[in-house]
Q: 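My structure is below; once you've seen it, I'll send some questions.
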Number of protein chains: 2
Amino acid sequence: MSTHGEDETDAGVSTTRKTFEILEALKAEEGVTITELTRRTGLSKSTVYRHLATLTDLGYVVERDGGYYIGFRLLEISEQARTRKTGYTAAKRKVFELGQETDERAVFIVEEEGEGVYVHRYGSLADTMIGKRRPLHSLASGKVILAEWNDDAVREFVAENGLEAITDNTITDPDVLHDELDRIRERGYAVNNQEHMDGLRGVAVPVYTPDDEFLGALGVFGPASRFKDDYLHEELPSLLWDKAGEIKVTLAYG
Amino acid sequence: MSTHGEDETDAGVSTTRKTFEILEALKAEEGVTITELTRRTGLSKSTVYRHLATLTDLGYVVERDGGYYIGFRLLEISEQARTRKTGYTAAKRKVFELGQETDERAVFIVEEEGEGVYVHRYGSLADTMIGKRRPLHSLASGKVILAEWNDDAVREFVAENGLEAITDNTITDPDVLHDELDRIRERGYAVNNQEHMDGLRGVAVPVYTPDDEFLGALGVFGPASRFKDDYLHEELPSLLWDKAGEIKVTLAYG
DNA sequence: GTCTCTGTTTCACATAGCGGAACAGCGGAT
DNA sequence: ATCCGCTGTTCCGCTATGTGAAACAGAGAC
């Protein structure tokens with residue numbers, strides 16, 4: 001708790017908090033019963049009942065044969081975030097092409113609230129579920145994002161979030177991170193050498209709009225055994241640059 | 001109100017309703033200010049303020065330079081619905097392949113609460129935004145879904161929702177619909193001849209799991225000028241059957 | 001400098017959400 | 001058949017909680 005350094009009280013609407021507590025519990029396990037939800041949330045049975053009645057009435061939750069499920073109506077809302085910028089939509093297609101052409105896993109990542117969010121992906125690693133959030137310093141795409149920031153912003157990021165060691169290879173020293181970001185700015189691509197998961201390597205490049213606004217990072221990753229140096233530092237970066245360039249072109253001319 | 005034939009009172013949690021009223025208003029237009037949201041929702045300024053404070057605290061809404069936006073954290077929840085069945089994920093890839101190979105717009109549609117929901121799509125028609133809902137009887141994919149139901153279920157559907165005329169070609173006669181569904185069951189594919197939008201034709205086929213559970217409908221659509229009879233009734237159905245079959249195979253063997 | 005927009009906070013009030021407990025409905029076990 | 005244990009549903013009294021109006025603050029615009 002106190003590690004966050006936040007002085008935010010839990011102000012606001014506590015009823016709304018309960019609603020989302022229930023939704024998050026449903027996200028964790030669907031098709032579950034009311035009494036099961038009371039167990040997981042610690043709320044009283046009548047409260048859960050009343051909230052679920054509201055949510056199903058609004059269509060955000062669906063009941064089917066005694067179990068409750070997240071409804072597709074939430075998808076409609078969240079899709080707004082995903083299509084906020086046309087560049088995000090353009091990136092979607094490029095992620096797919098990348099996945100198909102390389103036969104590796106591909107992602108498009110965007111920053112929100114100091115974390116990396118998977119916005120598009122190709123390949124079925126449960127870990128890269130869309131909407132999932134990861135610490136920026138442990139991902140190739142995340143380092144690309146950090147490399148876009150100035151020193152002060154990076155310093156602030158480190159101060160707020162720290163540099164947690166996800167694996168033995170994760171960068172935990174601010175100075176090392178600083179040098180790494182410099183290298184990324186110079187090269188134009190970032191590499192991840194098992195800093196997020198053992199045995200996993202990746203590459204990522206920044207994506208810009210035609211007027212050079214930064215959009216997010218386009219990345220490819222896979223097993224270290226296959227991601228040898230020439231593949232990682234030659235072939236993939238140039239392919240990624242091509243795709244990032246195509247996004248820019250798409251945005252410029254329909 | 002009374003047209004729904006529902007006797008549902010607005011029971012439940014009205015505070016939660018307010019929260020989602022605000023979220024829906026944000027979906028409609030992002031980057032908007034608090035006072036603007038009070039205008040749109042009709043709620044008091046302090047209420048909107050308090051709700052937004054809660055939502056930003058929880059991360060479902062994000063504030064950036066004076067404007068409020070839907071946060072990606074909602075995406076994480078709603079993605080649960082989208083990946084509920086592995087078949088949905090398999091369909092995602094096939095939709096993309098369909099779009100690339102035909103150079104037409106492609107969709108994967110699922111039924112929820114008597115409506116067709118776009119779960120995956122290829123192509124950038126604003127009308128087919130993911131999560132958007134359409135009446136089943138006006139879509140090729142929707143008719144594929146209706147064709148899976150028995151006569152009683154279809155009758156009930158008609159009684160509850162009616163058969164609204166979206167265009168001049170929309171099927172509005174229950175008997176005509178009945179015959180149409182029979183034809184679809186027989187042929188194994190459905191055709192949409194400008195029943196949802198003038199100038200737009202489409203084809204769709206059902207998708208099943210290896211143990212013949214119905215998952216949803218895979219469809220392709222485009223301008224009537226290009227969707228001539230042989231293309232619509234020969235080429236596309238066989239391509240769609242192939243893709244639907246590949247989904248089944250994917251589910252059966254990794 | 002004032003004026004006019006914002007966002008933020010305060011406050012008194014009634015309402016709306018709360019949890020406990022009672023009721024109903026179902027299925028399995030005996 | 002009967003009981004028992006488990007659900008979901010409803011009722012109810014209480015108080016916490018969300019509410020709107022109004023006051024306050026802060027930032028531009030002019």
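First the proteins, then the strands, lettered A, B, ... as listed; each starts at 1. No experiment lies behind these values; they were computed from the predicted model shown.
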Q: Relative to A/Phe72, does B/Arg133 satisfy both conditions: NZ or CZ under 6.0 angstrom from the six-membered ring centre, and within 45 degrees of the ring's axis?
A: no
Q: At under 4.0 Å, does any side-chain N or O of A/His51 touch on OP1 or OP2 of C/dG17?
A: no
Q: Classify the side chain of A/Lys45 versus the base of C/dG20 as yes if they form a donor-acceptor pair under 3.5 Å and no if they do not.
A: no
Q: To the nearest Å, how far apart are A/Ile22 CD1 and C/dG17 C1'?
A: 12 Å
Q: Please give, in whole Å, the distance from D/dG18 C1' to B/Leu55 CG?
A: 14 Å
Q: OH of A/Tyr68 versus P of D/dT7: gap in Å, rounded?
A: 14 Å
Q: Scan residues 32-44 of chain A against DNA chain D and write down, sorted by residue number, each residue with any heavy atom closer than 4.0 Å; if none is found, say none.
A: A/Thr33, A/Ile34, A/Thr35, A/Arg39
Q: Using side-chain contact (heavy atoms from CB on, under 4.5 Å) as the criterion, list what pairs up with B/Glu156, not counting sequence neighbours.
A: B/Glu160
Q: Heavy atoms only: give me the nearest B/His137-B/Leu163 pair and the separation to one decimal.
A: NE2-C, 3.5 Å
Q: Taking the six-membered ring for Trp, are A/Phe157 and A/Trp149 parallel (under 30°), tilted (30 to 60°) or perpendicular (over 60°)?
A: perpendicular
Q: Looking only at the side chain of B/Thr15 (C-beta and beyond, no hydrogens), which of the listed nucleotides C/dC18, D/dT9, D/dG18 gets closest?
A: D/dG18
Q: Once rounded to the nearest 0.5 Å, what's the spacing between atom CG of A/Leu23 and atom NE2 of A/His51?
A: 10.5 Å
Q: Round to a whole Å and report the spacing from CZ of A/Arg50 to P of D/dG8.
A: 15 Å
Q: Figure out the CG/C1' separation between B/Leu52 and D/dG18, and round it to whole Å.
A: 15 Å
Q: Between C/dG17 and A/Lys18, counting only base atoms on the nucleotide and side-chain atoms on the residue, is there a donor-acceptor pair under 3.5 Å?
A: no
Q: For B/Ser138, enumerate each residue passing the side-chain contact (heavy atoms from CB on, under 4.5 Å) test, keeping only those at least two apart in sequence or located in another chain.
A: B/Pro135, B/Ile166, B/Thr170, B/His196
Q: Please give, in whole Å, the distance from C/dT8 C1' to B/Asp57 CG?
A: 16 Å
Q: Minimum heavy-atom separation for A/Lys85 to A/Leu215, with atom names?
A: CD-CD2, 3.7 Å
Q: For C/dG17 and B/Ser14 - does any side-chain N or O of the residue sit under 4.0 Å from the phosphate oxygens OP1/OP2?
A: yes
Q: Once you round it to whole Å, what is the distance between P of C/dG20 and OH of A/Tyr49?
A: 18 Å
